Amino acid sequence: MVTGTSRLHQTVSSLSVLEVADVNFFSQIIQTVQEEWYAEELVISSFYSIKDSVEQQCKTVQYLHDLGEVGLILYYVGIVMPDIADEVLELAESLNFIIICMPRNDYSLRYNEVIYEVMEAIVSNQNVNEHFVNESLEKVSLLPEHLRSVEITLKLLSDRMKANIILTNSNLDIINRVMWPRNSSLPVGDLIRSMAPSILNGRTGEGELDSSCFVEYKRVQQKTGKPFTCISLKKIRSCLRRQWIKSARWCRWPSICGEISITRSANTLWLKPS
């Protein structure tokens, strides 16, 4: 760990790979403004396409930091890049951005080894994490001004829970929806309508849909007197259905009450009505 050593306590909940062969395409990615906030995510890269440009390396570090990334695991230093430039290290340290340098000059290193070890630790940690609400509220409170919205809050929750998060009005019309994964084609509108009687007649509940989805929901009264419903939908593979539902109920899926608490607190914090 060569920079960001003061952030050893930082929670990590996801891992991603950034590797592009075309330097021009890489530059386009770096310049793209995305309405996302990748809190609690580590990125793996070798900087292959920008190995000869310290300027591009610095831009990438700044870009990853601005997206909320926790840090960077840098591979093949001494092979792809001769070393990590002082400018990159200084920038990362000034941003309190973590850079982890894998063993140098080692051709035997593989991305999948770190991916497996990190993801195993993430899943194990989430099984016993009792601080979901507090950690999520801390992340929400640190969001940049331009990202302070209910939608971004729901994206954080969706990424953390690996589930579709939906807010509806009293008629179950969808107000906000965040899919997981983002390109999911799950027909959440149809699924919600199929459960309408149960949702409208009960304030809190859970159940299965077509043996392929697990749903949890809670109806809440707003200060204006109008109710809204927060719904979590998780698509599960049939072969893992019983095991997943059991673990979801008892430890692995944070409570719907936690989602409500986080969404309400975010609105209060930013003085925006839900």
Side-chain angles (χ1 to χ4, degrees), residues 13-14 35-37 123 126-127 129-130 132-133 135-137 139-140 149-268 272-274:
S13 62
S14 62
E35 285 299 311
E36 294 281 356
W37 182 250
V123 171
Q126 288 182 346
N127 283 347
N129 191 348
E130 300 175 353
F132 166 72
V133 173
E135 287 182 357
S136 298
L137 285 174
K139 286 188 297 181
V140 164
S149 67
V150 170
E151 183 177 1
I152 290 296
T153 304
L154 295 181
K155 285 181 177 180
L156 291 175
L157 291 172
S158 176
D159 288 343
R160 182 64 178 270
M161 298 173 67
K162 308 298 185 285
N164 304 286
I165 309 295
I166 304 102
L167 293 183
T168 75
N169 61 19
S170 57
N171 298 319
L172 298 185
D173 298 320
I174 295 175
I175 303 171
N176 290 94
R177 167 176 53 191
V178 176
M179 306 298 287
W180 195 91
R182 294 287 191 266
N183 65 347
S184 171
S185 58
L186 191 68
V188 293
D190 294 339
L191 293 173
I192 290 172
R193 282 190 290 273
S194 72
M195 285 198 68
S198 300
I199 296 175
L200 294 174
N201 292 330
R203 293 182 61 83
T204 306
E206 61 181 32
E208 298 176 58
L209 294 172
D210 302 327
S211 300
S212 63
C213 293
F214 184 78
V215 60
E216 190 180 13
Y217 58 88
K218 183 176 179 64
R219 301 192 76 205
V220 180
Q221 206 77 11
Q222 300 184 73
K223 292 181 179 180
T224 59
K226 296 181 179 179
F228 74 93
T229 302
C230 184
I231 302 170
S232 295
L233 272 171
K234 174 73 174 182
K235 188 173 179 61
I236 49 179
R237 290 180 292 175
S238 57
C239 60
L240 300 176
R241 183 167 60 87
R242 290 184 180 178
Q243 178 183 352
W244 192 91
I245 290 174
K246 181 179 178 181
S247 62
R249 285 173 175 162
W250 296 112
C251 61
R252 289 190 59 181
W253 218 19
S255 168
I256 193 76
C257 296
E259 296 177 45
I260 297 294
S261 174
I262 293 163
T263 305
R264 278 181 154 177
S265 297
N267 284 332
T268 300
K272 292 181 180 179
S274 55

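Source: prediction; values computed, not measured.
Put simply, CZ on Arg182 and CG on Asn164 are 9.5 Å apart, with the number rounded to the nearest 0.5 Å. Thr168 OG1 to Ile231 CD1: the interatomic distance, rounded to the nearest 0.5 Å, is 4.5 Å. One distance of note links CG of Leu156 with CD1 of Ile165; it measures 11.0 Å at 0.5 Å rounding. Taking OG of Ser232 as the reference point, atom CD1 of Ile166 lies at 7.5 Å (rounded to 0.5 Å).
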Side-chain atoms of residues 170-180: list all donor-acceptor pairs with protein atoms under 3.5 Å, sequence neighbours left out, distances to 0.1 Å.
unit_1: Asp173; atom_1: OD2; unit_2: Asn169; atom_2: ND2; d: 3.4

(message) Apply side-chain contact (heavy atoms from CB on, under 4.5 Å) to residues Leu167 and Leu154 and explain how you reach the verdict.
(response) CA-CA 9 Å; Leu167 293 183; Leu154 295 181; 4.0 Å; yes
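Residue pairs meeting the salt bridge (charged side-chain N to carboxylate O under 4.0 Å, His left out) criterion with at least one member in residues 187-199, sequence neighbours excluded: Asp190-Arg193.
In this structure Ser158 satisfies the side-chain hydrogen bond (donor to acceptor under 3.5 Å, both in side chains) test with no other residue, sequence neighbours excluded.
By the 4.5 Å heavy-atom criterion applied to side chains, Leu233 and Leu191 are counted as neighbours.
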